[in-house]
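Read through the structure below, which is laid out as structure tokens, and then see the notes.
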Amino acid sequence: MPVAAVGLSHSPLIGMNDPDPEVLARVDQAVDAARTFIRAFDPDLVVLYAPDHYNGFFYKEMPPFCLATEAHAVGDFGTAAGPLSVDTAAAKALAQGALDRGIDLTVSARMTVDHGFAQPLEVLFGGIDQVPVVPVFVNGVATPLGPVSRIRALGTALGQASVDLDRRVLFLASGGLSHDPPVPVLDGAPPRVADALIEGHSPTPEQRAKGEQRVVQAGRDYATGSTAMIPINPAWDNRLLDHLERGELAEFDSWTVDGMAKEAGGSAHEVRTWIAAFTSLAATGPYEMVSRFYEAIPAWIAGFALATAQGR
């Protein structure tokens with residue numbers, strides 16, 4: 001079974017708070033190379049690992065990960081709203097395969113997703129409904145978080161289960177790398193914010209626009225250095241990419257929740273999506289990294305990376 005993997009950082013600030021043109025040109029070149037890689041591989045199914053930013057998952061019930069048999073995008077930060085082209089039969093088969101392999105996988109028959117899912121589908125495929133997809137939410141924001149070893153176990157189970165599908169499967173990761181955006185936290189939150197994080201009230205268009213503008217302003221402040229957010233950590237980011245490139249996936253088991261946040265920011269846990277995708281690829285056999293791009297982009301509050309890999 002042909003398999004491949006792509007990891008792509010996302011940022012809500014892309015197109016809203018962009019860096020210098022030469023940086024954008026390097027990003028565009030890397031994205032074009034990834035598109036070429038994907039066209040050559042020609043997947044007929046994408047297993048998409050992505051986080052949420054309190055648009056679909058809330059503290060009323062917060063699973064560590066969840067697979068969707070149907071999904072709908074909210075359309076935040078300029079991304080498209082509407083249904084994803086979820087391959088329900090494949091999703092159910094993968095969910096059962098993971099459960100059969102001892103993974104306590106939550107399944108959603110009506111998942112709500114945000115830019116973390118929509119942006120990579122738009123960037124790499126031209127839309128959220130252009131390719132059959134199995135969305136897999138991986139919590140990378142809401143504490144408490146479990147050990148990274150459980151994410152590797154999830155990726156391994158879904159990778160093994162994908163073999164039974166006899167499809168050309170692309171494992172796609174969306175998130176990270178080091179970044180510390182102004183994401184609300186439950187501990188110490190004022191009652192109104194805490195209630196929203198727990199119950200998940202849908203914001204009005206005005207409320208959503210106001211919240212998005214706060215993030216845009218935070219990006220501008222971050223780029224000028226007038227912020228208390230944890231800096232982007234290129235050394236940490238490239239250490240992660242080194243492990244992925246060398247297939248040293250067990251190394252991530254020693255990465256602690258607190259250590260990751262201190263070194264790379266509160267939202268660096270989104271790299272769990274990358275670990276899941278590359279572990280899924282590794283579960284089908286040896287692989288090689290075909291391309292690797294990295295740039296620290298403060299305007300996007302992101303250590304921005306893109307990598308492609310395929311089975312040998």
Closest non-hydrogen atoms of Asp18 and Ala299, given as atom of the first, atom of the second and distance, are C-CB, 4.1 Å
Looking at Phe41, is Arg168 sitting on its ring face, NZ or CZ under 6.0 Å from the six-membered ring centre and within 45 degrees of the normal? yes
Side-chain contact test, heavy atoms from C-beta onward, threshold under 4.5 Å: evaluate it for Leu13 versus Val216 and give yes or no. yes
Can you find a heavy atom in the side chain of Pro298 that is under 4.5 Å from one in the side chain of Ile232? yes
ILVMFWY network linking Leu241 to Ile275, side-chain heavy atoms under 4.5 angstrom: yes
If you measure only the distance, is there a donor-acceptor pair under 3.5 Å linking the side chains of Arg152 and Ser149? no
Which residue pairs pass the ring-ring contact (aromatic ring centres under 6.0 Å, His included) test when at least one of the two sits in residues 7-38, sequence neighbours left out? His10-His53, His10-His115
Should Ile230 and Trp300 be counted in the same cluster of Ile, Leu, Val, Met, Phe, Trp and Tyr side chains packed under 4.5 Å apart? no
Start with the C-alpha gap between Phe171 and Thr279, add the side-chain angles, then the distance that decides, and say whether side chain to side chain contact (heavy atoms under 4.5 Å, CB included) holds. CA-CA 9 Å; Phe171 300 105; Thr279 303; over 6 Å; no
Run the side chain to side chain contact (heavy atoms under 4.5 Å, CB included) check on Asn17 and Gln217 step by step: do they pass? CA-CA 9 Å; Asn17 189 43; Gln217 186 58 53; over 6 Å; no
Would a line drawn from the ring center of Phe137 to the ring center of Phe65 be shorter than 6.0 Å? no
Reported CG-to-OG1 distance for the pair Leu158 and Thr284, which is rounded to 0.5 angstrom: 12.5 Å
Asp166, CG: over 12 other non-hydrogen atoms inside 6.0 angstrom: no
pair Val138-Pro51: side-chain heavy atoms closer than 4.5 Å: no
Side-chain heavy-atom pair Asp114, Tyr54 within 4.5 angstrom cut-off: no
Main-chain N/O of Ser11 paired with Gln119 side-chain donor or acceptor, under 3.5 Å: yes
Any donor-acceptor pair under 3.5 Å from Asp100 side chain to Gly102 backbone: no
For Ala95 against Val107, the heavy-atom pair lying closest together: CB-CG2, 3.8 Å
Check the hydrophobic clustering (I, L, V, M, F, W, Y; side-chain heavy atoms under 4.5 Å; chains of links allowed) and say if Met62 and Val185 are grouped together. no
For Leu145, the rest of its hydrophobic cluster, which grows through side-chain links under 4.5 angstrom: Val257
Rounding to 0.5 Å, atoms CG (Asn55) and CZ (Arg208) come to a distance of 5.0 Å
Partner of Val133 by side chain to side chain contact (heavy atoms under 4.5 Å, CB included), out of Leu172, Asp87, Leu48, Ile128: Leu48
If hydrophobic clusters are built by linking Ile, Leu, Val, Met, Phe, Trp and Tyr wherever their side-chain heavy atoms come under 4.5 Å apart, do Ile14 and Val183 end up in the same one? yes
How far apart are the closest heavy atoms of Ala80 and Ala73, and which atoms are they? O-CB, 3.5 Å
Using a 6.0 Å cut-off, check whether atom CG of Asp104 has over 12 heavy atoms from anything other than its own residue. no
If you measure from OG1 on Thr273 to CZ on Phe117, what distance do you get to the nearest 0.5 Å? 9.5 Å
Neighbour count >12 (heavy atoms, 6.0 Å) for atom CD, Glu70: yes
Rounded to the nearest 0.5 angstrom, the OG-CG distance for Ser280 and Leu170 is 11.0 Å
Should Thr308 and Ser291 be marked as a side chain to side chain donor-acceptor pair (under 3.5 Å) after you check the CA-CA gap, both sets of side-chain angles, and the distance that decides it? CA-CA 5 Å; Thr308 64; Ser291 65; 2.6 Å; yes
Could you check Phe57 against Met111 for side chain to side chain contact (heavy atoms under 4.5 Å, CB included), going step by step and ending with a plain yes or no? CA-CA 9 Å; Phe57 289 88; Met111 185 184 288; 3.8 Å; yes
Please report the interatomic distance CE(Met289) to CG(Asp242), rounded to the nearest 0.5 Å. 8.5 Å
Which pairs, with at least one residue in residues 177-202 and sequence neighbours excluded, count as a salt bridge (Lys or Arg N to Asp or Glu O under 4.0 Å)? Lys60-Glu199
Where the side chain of Arg110 meets the backbone of His72, is there a donor-acceptor pair that is under 3.5 Å apart? no
Going by distance alone, is a donor N or O of one side chain under 3.5 Å from an acceptor N or O of the other, for Asn238 and Arg292? yes
Distance-minimising heavy-atom pair for Ala91 and Val86: CB-CG1, 4.5 Å
Side chains of Thr88 and Thr69: is there a donor and an acceptor less than 3.5 Å apart? no
Ignoring hydrogens and angles, state whether a donor on the side chain of Asp129 or Ser85 is under 3.5 Å from an acceptor on the partner side chain. no
Please answer: with hydrophobic residues joined when any side-chain heavy atoms are less than 4.5 Å apart, are Val131 and Leu67 in the same cluster? yes
Please say which of Glu263, Glu245, Glu248 ends up in a salt bridge (Lys or Arg N to Asp or Glu O under 4.0 Å) with Arg239. Glu263
With rounding to the nearest 0.5 Å, note down the distance linking CG in Asp32 to CG in Leu306. 10.5 Å
Can you name the nearest heavy-atom pair linking Gly303 to Ser9, along with the distance? O-OG, 3.5 Å
Set out, in order, the CA-CA distance, both residues' side-chain angles and the distance that settles side chain to side chain contact (heavy atoms under 4.5 Å, CB included) for Val169 and Val46, then state yes or no. CA-CA 6 Å; Val169 180; Val46 173; over 6 Å; no
Mind telling me whether Phe252 and Trp255 have parallel, tilted or perpendicular rings, with 30° and 60° as the class edges? perpendicular
Would you say the side chain of Phe304 lies within less than 4.5 Å of the side chain of Val23, judging by non-hydrogen atoms? no
Could you tell me if the side chain of Pro63 sits less than 4.5 Å from the side chain of Asn139, heavy atoms only? no
For Trp274 and Gly175, the nearest pair of non-hydrogen atoms, with its separation, is NE1-O, 2.7 Å
